[in-house]
Amino acid sequence: MPPNPPQTPLRRLSQGSLFRLSRSGAYPDAPHGLGFLEPALAELIDEAEALQTNVEGLRNLDNALGTFNESFASWLYVMNMNALTTDWPQAPTQGSFELATRRAEEDARVALEAIRAAEEAARRPPTPPQPSVITDRSALSPTEGTTEGTIVTNPASSKPSAKPGILKKKGVKPKMTAKEKRERGLELERILAALPLEFRGDDPNLRRHIEWVLEKFLDNPGEGFSIVAFVKPPDLNQARVNKCLIALVNRKLARKDNSTGSVLYHWNGLPQ
């Protein structure tokens, strides 16, 4: 015997169901069936695609940052290992800083002494020139030969006569004022900054030698000098002079000329 069919009465459609909404005549201009949902679903799809694009952009940014972090960390590790395994013999040491401090104190002391000397010279009254007094024996009579103590003043012979056997020194370097010394020191520092690091390192002798060579050039900028003119034995030998001149020629601070048959070095100076 077949089961009895259910006796539950059919329920009415909900007032807000999609089916009733689609079949109602409240919206006569609405599309047929569920077509009225198409504009809302299209907007939802567009927003979902925009969200997906933004999420992919964030993922790409995360990958790029991860790659950069790995590369930068590797570079830092390599630099750390390089610093631990590499020696720098030309790097300044504690002695270099102490030497620089002593040189600065010495320069300040020399400048102060020059200023004091200039002030004392300015306060000192000028002294009038003294006429030269000589004994003119030719003007004495024969009877007055015993009066060797007679003193006369000869205006015509006011110039001091050079004594035989004594040569007057020529080309004596004049003393520099405090301002000139300061300017010369600044110029030497600019020139040394253009030279290789070994001339500014922890070897004070090499720096002093290059300063001697530069002083020779700066005192006579328009002249040419042979390599022997820079030699100051026993400290500054010819090998050190040659090394200094090679560095100056390589940096275009000096030029080498052998057109006259002998090798001469001329000063060019720093490029303007």
Side-chain angles (χ1 to χ4, degrees), residues 82-83 85-118 169-272:
N82 185 37
T85 57
T86 304
D87 293 333
W88 304 93
Q90 295 180 351
T93 60
Q94 186 64 27
S96 302
F97 295 108
E98 294 177 358
L99 178 62
T101 304
R102 289 199 301 269
R103 287 184 174 178
E105 293 176 355
E106 184 178 357
D107 294 341
R109 181 178 56 80
V110 172
L112 182 61
E113 291 178 356
I115 293 174
R116 290 178 178 175
K169 294 184 179 180
K170 296 182 179 180
V172 178
K173 179 181 176 182
K175 292 185 177 180
M176 301 175 63
T177 62
K179 181 180 180 181
E180 291 175 346
K181 289 182 179 180
R182 185 167 57 254
E183 293 176 352
R184 177 62 60 84
L186 294 175
E187 186 174 3
L188 289 176
E189 289 297 333
R190 289 196 300 267
I191 296 173
L192 289 174
L195 293 176
L197 182 61
E198 60 178 335
F199 292 95
R200 296 174 279 120
D202 54 354
D203 188 359
N205 293 327
L206 186 57
R207 181 186 176 94
R208 185 170 66 255
H209 295 162
I210 190 65
E211 288 180 354
W212 285 349
V213 174
L214 292 175
E215 288 281 353
K216 185 75 172 180
F217 276 126
L218 295 178
D219 291 338
N220 305 278
E223 299 182 12
F225 301 97
S226 62
I227 191 173
V228 184
F230 299 97
V231 177
K232 292 183 178 181
D235 193 8
L236 184 57
N237 52 25
Q238 188 170 350
R240 280 299 181 96
V241 172
N242 189 29
K243 182 177 182 179
C244 297
L245 292 176
I246 289 175
L248 294 175
V249 172
N250 291 337
R251 297 295 183 176
K252 308 298 183 182
L253 298 176
R255 69 178 187 276
K256 184 178 180 181
D257 183 18
N258 55 359
S259 60
T260 58
S262 59
V263 179
L264 298 178
Y265 293 88
H266 299 269
W267 179 246
N268 291 335
L270 290 171
Q272 300 296 332

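Both backbone and side-chain heavy atoms feed into the values below; hydrogens, waters and symmetry mates do not. Along the sequence shown, residues carry numbers from 1.
- The closest side-chain heavy-atom distance from Cys244 to Phe199 is below 4.5 Å.
- A salt bridge between Glu211 and Arg207 is present, with a side-chain N of the basic residue lying under 4.0 Å from a carboxylate O of the acidic one.
- Ring geometry for Phe217 versus Phe230: interplanar angle of 30 to 60°, hence tilted.
- Proximity of a side-chain donor or acceptor of Asn242 to a complementary backbone N or O of Gln238 within less than 3.5 Å is not detected.
- Of all non-hydrogen atoms in Ala229 and Lys216, the two that sit nearest each other are O-CE, 3.9 Å.
- The shortest distance between side-chain heavy atoms of Ser96 and Thr93 falls below 4.5 Å.
- Closest of all the heavy-atom pairs between Val231 and Leu236 is CG1-O, 3.4 Å.
- Residues Leu188 and Glu215 form a side-chain contact, since some pair of their non-hydrogen atoms from C-beta on lies under 4.5 Å apart.
- Residues Ile227 and Val263 are not in side-chain contact: their nearest non-hydrogen atoms beyond the backbone lie 4.5 Å or more apart.
- Within a 6.0 Å sphere centred on CZ of Arg103, heavy atoms belonging to other residues, nucleotides or ligands number more than 12.
- Residues Leu253 and Leu214 fail the side-chain proximity criterion, which asks for heavy atoms closer than 4.5 Å.
- Salt bridge Glu105/Arg109: absent, no basic N to carboxylate O contact under 4.0 Å.
- The minimum heavy-atom distance linking Ala178 with Ile115 is given by the pair CB-CG1, 4.1 Å.
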